[in-house]
Amino acid sequence: MTLALIDYGAGNLHSVANALKAAGAGDVVITADADVVARADRIVLPGVGAFAACASALRAVPGMVEAMERRVRGDGVPFLGICVGMQLLAETGEEFGVHAGLGWIAGSVRRLTPADPAAKVPHMGWNDVVPVTAHPLIVPGEAYFLHSYAFEGADVVATSDHAGPVVAAIGRDNILGVQFHPEKSQVYGLQFLRRFLTWAP
């Protein structure tokens, strides 16, 4: 089984790769090659930074978005988006203007506005992951978050709370995105990645 970890200059790739290996992944390929992604058995899209910069960087990799579309949406291989990699599944992101995402899941990514002004943005640190619908990869627990923008839209799988609900995971069919960082979430994160490695949607 080949797992493609997409390198588009916008993720903490080595931390994610190390976590996947610790969870049991054998063949993790960090790649910016669309042909490798087009043949991968599982695909992970990490992301750190601003939505617009990440979306632009992903589209700048020759053939990458097309390979992802074909392999994930066409062939149905398991896909995981992490942090901004999850946010890019949305139709739009509203950081530094309105920018197009992949449009795989209906919704937009907007700045966090906690109901309590004392709740700081970014939302940073350990917080609960609360499933709102049954999903084989998402169980109740605590994970590590670090973000200032959050998804609002369809196909919400789990939420967290930061002076009001915050989307923690979205998904449909063979596609899952998580706002938290599995690679920083210790036991919870490793167990989550183990489930992803054996997921057969």
Side-chain angles (χ1 to χ4, degrees), residues 5-16 30 32 37 43-69 72-73 79-130 132 138 143-172 175-185 189:
L5 182 56
I6 296 176
D7 179 5
Y8 60 114
N12 48 346
L13 290 163
H14 293 289
S15 297
V16 176
I30 297 174
V37 171
I43 298 170
V44 177
L45 181 69
V48 174
F51 184 102
C54 289
S56 175
L58 183 62
R59 289 194 172 95
V61 180
M64 185 59 79
V65 170
E66 293 80 3
M68 289 168 60
E69 289 269 357
V72 178
R73 300 181 88 189
F79 172 91
L80 173 63
I82 297 172
C83 197
V84 180
M86 176 201 102
Q87 295 180 359
L88 290 174
L89 297 173
E91 294 164 306
T92 56
E94 298 182 6
E95 189 171 3
F96 304 119
V98 177
H99 305 275
L102 292 168
W104 292 3
I105 292 184
S108 189
V109 176
R110 300 188 171 103
R111 183 163 177 82
L112 276 172
T113 52
D116 180 356
K120 292 188 170 124
V121 176
H123 171 213
M124 181 169 63
W126 291 85
N127 211 333
D128 290 332
V129 175
V130 181
V132 295
I138 300 294
Y144 187 87
F145 291 81
L146 175 56
H147 62 115
S148 298
Y149 284 73
F151 177 86
E152 298 176 16
D155 298 309
V156 175
V157 173
T159 61
S160 190
D161 182 83
H162 189 59
V166 176
V167 172
I170 57 176
R172 185 179 66 247
I175 298 167
L176 184 75
V178 294
Q179 184 62 68
F180 57 85
H181 286 273
E183 76 281 8
K184 295 179 180 176
S185 297

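Numbers for residues simply follow the sequence, beginning at 1.
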Student: Which atoms form the tightest heavy-atom contact between V156 and V132, and what is the distance?
Tutor: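 Closest approach of V156 to V132: O-CG2, 3.4 Å.
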Student: Evaluate the side-chain proximity of V166 to F145: yes if any heavy-atom separation is below 4.5 Å, no if none is.
Tutor: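 Side-chain contact under 4.5 Å: no.
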Student: Tell me, please, which residues at least two apart from H181 pass side chain to side chain donor-acceptor pair (under 3.5 Å).
Tutor: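 H181 satisfies side chain to side chain donor-acceptor pair (under 3.5 Å) with E183 only.
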Student: Take I105 and F151 through the test side-chain contact (heavy atoms from CB on, under 4.5 Å) and record every step on the way to the result.
Tutor: CA-CA 10 Å; I105 292 184; F151 177 86; 3.8 Å; yes
Student: Side-chain contact test, heavy atoms from C-beta onward, threshold under 4.5 Å: evaluate it for V178 versus I138 and give yes or no.
Tutor: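 V178 reaches I138 side chain to side chain.
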Student: Between I170 and A154, what is the shortest heavy-atom contact and its length?
Tutor: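 Scanning both residues, the minimum pair turns out to be CG2-O, 4.2 Å.
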Student: Would you say the side chain of C83 lies within less than 4.5 Å of the side chain of L146, judging by non-hydrogen atoms?
Tutor: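 No. Closest side-chain heavy atoms not under 4.5 Å.
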Student: Using only atom types and a distance under 3.5 Å, with no angle test, would you say the side chain of N127 pairs donor to acceptor with the backbone of D161?
Tutor: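 Between the backbone of D161 and the side chain of N127 there is a qualifying donor-acceptor contact (under 3.5 Å).
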Student: Among residues at least two apart in sequence or on other chains, which ones pass side-chain contact (heavy atoms from CB on, under 4.5 Å) with V84?
Tutor: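 With sequence neighbours excluded, V84 shows a side-chain contact (heavy atoms from CB on, under 4.5 Å) to C54, Q87, L88, given in chain and number order.
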Student: Tell me, which pairs form a salt bridge (Lys or Arg N to Asp or Glu O under 4.0 Å) where one or both residues lie in residues 102-112, sequence neighbours left out?
Tutor: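 Pairs touching residues 102-112 that pass the test: E94-R110, R110-E152.
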Student: Do you know the tightest heavy-atom contact between H123 and L112?
Tutor: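 In terms of heavy atoms, the two residues are closest at CB-CD1, 3.6 Å.
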Student: Please list, chain by chain and in numerical order, all residues satisfying side chain to side chain donor-acceptor pair (under 3.5 Å) with T92, sequence neighbours excluded.
Tutor: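 T92: side chain to side chain donor-acceptor pair (under 3.5 Å) contacts with S108.
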Student: I'd like to check the side chain to side chain donor-acceptor pair (under 3.5 Å) partners of R59; sequence neighbours left out, ordered by chain and number.
Tutor: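 Checked R59 against side chain to side chain donor-acceptor pair (under 3.5 Å); zero matches.
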Student: For the side chain of E95 and the backbone of A50, is there at least one donor-acceptor N/O pair under 3.5 Å apart?
Tutor: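 No; zero donor-acceptor contacts below 3.5 Å.
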Student: Keeping D7 on the side-chain end and G9 on the backbone end, is there a donor-acceptor pair under 3.5 Å?
Tutor: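 Yes; at least one donor-acceptor contact below 3.5 Å.
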Student: Carefully, step by step, assess D155 and I175 under the rule side-chain contact (heavy atoms from CB on, under 4.5 Å).
Tutor: CA-CA 10 Å; D155 298 309; I175 298 167; over 6 Å; no
Student: Please report the shortest heavy-atom distance between S185 and Y144, naming the atom on each side.
Tutor: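 Heavy atoms only, the tightest pair is OG-N, 2.9 Å.
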Student: Tell me the closest heavy-atom pair linking V61 and A32, and the distance in Å.
Tutor: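 Scanning both residues completely, I find the closest heavy atoms to be CG1-O, 3.2 Å.
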Student: Let me see the working for R73 and F79 under side-chain contact (heavy atoms from CB on, under 4.5 Å), right down to the final yes or no.
Tutor: CA-CA 9 Å; R73 300 181 88 189; F79 172 91; over 6 Å; no
Student: Kindly write out the residues that satisfy side-chain contact (heavy atoms from CB on, under 4.5 Å) with A57, not counting sequence neighbours, or none if the list is empty.
Tutor: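 Applying side-chain contact (heavy atoms from CB on, under 4.5 Å) to A57 gives Y8.
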Student: So, does Q179 use its side chain to make a donor-acceptor pair with the main chain of A169 at under 3.5 Å?
Tutor: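 Checking the backbone N and O of A169 against the side chain of Q179, no donor-acceptor pair under 3.5 Å is found.
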Student: Tell me whether S160 contacts the main-chain N or O of D128 through its side chain, where contact means a donor paired with an acceptor under 3.5 Å.
Tutor: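 Such a contact is found between S160 side chain and D128 backbone.
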Student: Check P46 against I6 and note the closest heavy-atom contact, atom names and distance.
Tutor: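 Smallest heavy-atom distance, with atoms named: CD-O, 3.5 Å.
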Student: Does H162 use its side chain to pair, donor to acceptor, with the backbone of K120 at less than 3.5 Å?
Tutor: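 Judged by distance alone, yes, a pair lies under 3.5 Å.
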